[in-house]
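In what follows, a structure is listed as structure tokens, so that the remarks can point back to it.
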Amino acid sequence: MAPRITGKASAPDSRLRFDPLALGLEPFPRAFYLLDTTRVARTIVGAWLARRHGNHWYGARIVETEAYLGSTDAAAHSYRGRRTPRVEPMYLEGGHLYVFFVYGMHCCANVVTQPAGIAEAILLRAAEMTGQAPANLLSGPGKLCAALGINISHSGLDLLADCDVRLFQPRKEKVRVGVSRRIGVDYAGDAAAWPLRFFDMDSDAVSGPAKLRAKQ
DNA sequence: CACATGATCGCCT
DNA sequence: GGCGATCATGTGG
């Protein structure tokens with residue numbers, strides 16, 4: 001049986017090297033991931049996504065997210081309770097990772113929220129590593145996964161366990177968070193217009209048309 | 001800026 | 001068999 005296609009090589013971009021411990025970053029507690037999904041999506045703007053590869057850590061500061069609200073959200077993979085092997089990680093307890101493969105060449109990473117059995121998640125759309133990497137390296141969900149070497153093999157991982165992908169709280173800073181409709185879900189009817197996309201208004205790494213970068 | 005298109009293939013109906 | 005939670009590139013205004 002041929003190995004499953006994962007979309008990208010697993011090595012992260014060397015420019016994303018960093019040390020979460022030296023920076024004093026702290027992980028989110030489990031309870032955080034059980035809060036309202038929309039609120040979690042907003043709070044994650046400014047948080048740090050980290051990936052371990054070999055003896056090193058690589059990471060970036062998240063600057064754009066989208067909330068997907070489960071069975072009642074026509075844009076969500078779990079719409080109407082759809083439950084297939086691919087989507088299964090969305091049904092795990094909040095704090096797990098859900099990664100899917102699309103368009104034959106890209107992976108997209110999500111942070112699962114809510115108690116086990118409620119399939120809501122937050123798509124990580126863009127991130128930055130100012131001063132170390134160009135602003136366009138992680139400016140889009142597919143590019144974010146490619147740069148950090150995140151692929152299907154990471155789907156289902158627990159961000160709070162001793163595994164290779166982690167999420168840390170933002171450092172003390174105030175982030176101006178803009179809101180807009182979600183990108184790439186025009187097929188979802190009314191849900192396509194829901195204001196569930198959140199982004200750092202002061203970041204150059206946010207993806208999507210400039211039209212959707214104005215505040216609320 | 002707005003569209004339009006090709007690449008590429010797993011997933012679901 | 002059709003399409004997608006994308007991206008890069010191309011055209012035209």
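Lettering of chains follows the sequences in order, A, B, ..., and the numbering in each one begins at 1.
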* **Interatomic distance where CD belongs to A:Glu64 and P belongs to C:dA5 [whole Å]** => 16 Å
* Atom-pair distance (CZ on A:Phe101; P on B:dC12), nearest Å -> 14 Å
* Presence of A:Arg125 side-chain N/O under 4.0 Å of C:dT6 phosphate oxygens OP1/OP2 -> yes
* With a 6.0 Å cut-off on ring centres, are A:His106 and A:Phe101 close enough? -> no
* Figure out the NZ/P separation between A:Lys143 and C:dA8, and round it to whole Å. => 4 Å
* Length of the line joining A:Asp186:CG and B:dA2:P, which is rounded to integer Å -> 13 Å
* Regarding A:Arg42 and the six-membered ring of A:Phe199, is the cationic atom NZ or CZ under 6.0 Å from the ring centre and inside 45° of its axis? -> no
* So, A:Asp162 and A:Arg52, do they make that salt bridge, N to O below 4.0 Å? -> yes
Extract from the structure each pairing of a protein N or O with an N or O of nucleotides 4-8 of chain B at less than 3.5 Å, listing the distance.
| from | atom 1 | to | atom 2 | distance (Å) |
| --- | --- | --- | --- | --- |
| B:dT8 | O2 | A:Tyr103 | O | 2.4 |

* Length of the line joining A:His77:NE2 and C:dC3:P, which is rounded to integer Å -> 16 Å
* Structure fact -> Contacts of A:Tyr187 and A:Asn136 projected onto DNA chain C by closest heavy atom; the upstream (5') one is A:Tyr187
* Verdict with reasoning, A:Phe28 to A:Leu159, per side-chain contact (heavy atoms from CB on, under 4.5 Å) -> CA-CA 9 Å; A:Phe28 285 105; A:Leu159 294 168; over 6 Å; no
* Under a 3.5 Å limit for both distances, which nucleotide forms a Watson-Crick or G-U wobble pair with B:dC12, could you say? => C:dG1
* Asked: What is the distance, rounded to the nearest whole Å, between atom CZ of A:Phe100 and atom P of C:dT6?
  -> 7 Å
* **Spacing of A:Arg80 atom CZ relative to B:dT13 atom P, expressed in whole Å** => 11 Å
* Going by the angle between their ring planes, with limits at 30° and 60°, are A:His56 and A:Tyr58 parallel, tilted or perpendicular? -> perpendicular
* Asked: In terms of the angle between their ring planes, are A:Phe18 and A:Trp48 parallel, tilted or perpendicular, with boundaries placed at 30° and 60°?
  -> parallel
* To do: Identify whether any heavy atom of A:Ala210 sits under 4.0 Å from a base atom; if not, whether one sits that close to sugar-phosphate; answer base, sugar-phosphate or nothing.
  => sugar-phosphate
